[in-house]
Amino acid sequence: MIMKDRLQKIIISEGLTPAILADEIGVQRSGISHILSGRNNPSYDFLQKILIRFPKLNAEWLLLGQGSMYKHPLQTQAEHPVAEPANDPIPPPILPFDDRKPKKTTYSSSKNIEKIVIFYADQTFKDYSPNGTPS
């Protein structure tokens with residue numbers, strides 16, 4: 001399967017039109033038209049935009065035509081029924097672990113404090129200058 005055929009398959013599978021696909025990935029509509037007609041091949045930037053917009057697409061399939069279209073082949077509900085989702089609250093997102101060590105702050109006698117600001121929960125604050133008078 002050549003690239004224009006894979007692009008056409010994405011359009012059909014995702015229920016799009018070439019114009020909507022162009023708008024969704026941020027390219028000119030004529031660019032999609034030229035690829036679908038076989039006039040042009042897609043650029044790296046174009047392919048990257050496709051993969052970012054459709055993260056379930058298999059990059060190997062898109063680039064080389066190998067493997068299945070999606071990372072995990074789609075299953076119809078008739079083949080594998082899915083239980084109704086529970087009404088549980090949505091869990092918070094899992095953030096990536098930052099394994100960098102925190103920076104140690106060192107204080108030097110050559111540094112002078114200009115101001116200390118204290119923020120309160122009621123959205124108020126106070127700032128203090130080194131001579132002890134609030135600003």
Side-chain angles (χ1 to χ4, degrees):
M1 181 183 302
I2 60 176
M3 180 58 72
K4 70 178 188 170
D5 295 334
R6 291 193 295 272
L7 183 59
Q8 185 65 43
K9 192 168 181 179
I10 292 169
I11 291 169
I12 292 168
S13 178
E14 296 294 330
L16 304 171
T17 64
I20 292 173
L21 175 63
D23 294 344
E24 287 196 7
I25 65 171
V27 299
Q28 292 186 0
R29 293 177 178 188
S30 62
I32 301 278
S33 176
H34 292 165
I35 294 168
L36 290 174
S37 70
R39 176 179 170 195
N40 294 350
N41 284 319
S43 66
Y44 171 78
D45 185 54
F46 178 90
L47 295 171
Q48 189 176 26
K49 288 178 180 186
I50 292 278
L51 291 171
I52 289 169
R53 170 58 185 85
F54 302 101
K56 292 182 181 180
L57 277 178
N58 179 355
E60 189 173 358
W61 174 84
L62 179 62
L63 300 173
L64 306 172
Q66 298 174 355
S68 61
M69 180 176 176
Y70 292 97
K71 292 176 185 174
H72 302 287
L74 297 178
Q75 300 170 339
T76 64
Q77 192 164 3
E79 293 171 351
H80 301 279
V82 178
E84 289 297 317
N87 289 332
D88 295 333
I90 298 172
I94 298 173
L95 301 176
F97 177 72
D98 186 358
D99 60 351
R100 293 177 294 175
K101 292 181 181 177
K103 293 180 181 177
K104 289 185 178 182
T105 305
T106 57
Y107 297 98
S108 168
S109 61
S110 65
K111 291 185 178 185
N112 294 321
I113 297 173
E114 182 177 327
K115 183 188 323 184
I116 297 173
V117 181
I118 300 174
F119 295 93
Y120 298 99
D122 66 355
Q123 306 298 318
T124 61
F125 68 94
K126 265 191 183 169
D127 54 353
Y128 298 91
S129 61
N131 61 12
T133 58
S135 309

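FYI, side chains are in, hydrogens and waters are out, and symmetry mates aren't considered; it's all heavy atoms of this structure.
- A donor-acceptor pair under 3.5 Å links the side-chain atoms of R6 to the main chain of L62, judged by distance alone.
- Electrostatic pairing of D45 and K49 counts as a salt bridge here, judged by a charged N lying under 4.0 Å from a carboxylate O.
- In terms of heavy atoms, Q8 sits closest to L36 at OE1-CD2, 3.6 Å.
- Rounding to the nearest 0.5 angstrom, the gap separating the CD1 atom in I118 from the CD1 atom in I116 is 7.5 Å.
- Shown here for I35 and N41, the closest heavy-atom pair between the two residues is CG1-C, 4.3 Å.
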Inset, instruction - List the steps, then state whether side-chain contact (heavy atoms from CB on, under 4.5 Å) holds for I11 with T17. - result: CA-CA 6 Å; I11 291 169; T17 64; 5.6 Å; no

Legend entry - Worked check of side-chain contact (heavy atoms from CB on, under 4.5 Å) between Q66 and W61: CA-CA 5 Å; Q66 298 174 355; W61 174 84; over 6 Å; no

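- Taking both residues in full, the closest heavy atoms of L57 and K71 are given as O-CE, 3.4 Å, listed atom of the first, atom of the second, then distance.
- Crowding of Y120 atom OH: a count of heavy atoms from other residues, nucleotides or ligands under 6.0 Å exceeding 12.
- By the 4.5 Å heavy-atom criterion applied to side chains, I25 and I50 are counted as neighbours.
- Panel note: side chain N58, backbone S68; a donor-acceptor pair is recorded below 3.5 Å.
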Legend entry - Worked check of side-chain contact (heavy atoms from CB on, under 4.5 Å) between F54 and L21: CA-CA 11 Å; F54 302 101; L21 175 63; 3.6 Å; yes

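- By the rule that hydrophobic residues join a cluster once side-chain heavy atoms approach within less than 4.5 Å of another member, I52 and L7 end up as members of separate clusters.
- Formation of a donor-acceptor pair under 3.5 Å by the S37 side chain with backbone atoms of H34 is found in this model.
- Contact of the M69 side chain with the S13 side chain is registered, since non-hydrogen atoms from C-beta on lie closer than 4.5 Å.
- In this structure a side-chain-to-backbone donor-acceptor pair under 3.5 Å is missing from K9 to K4.
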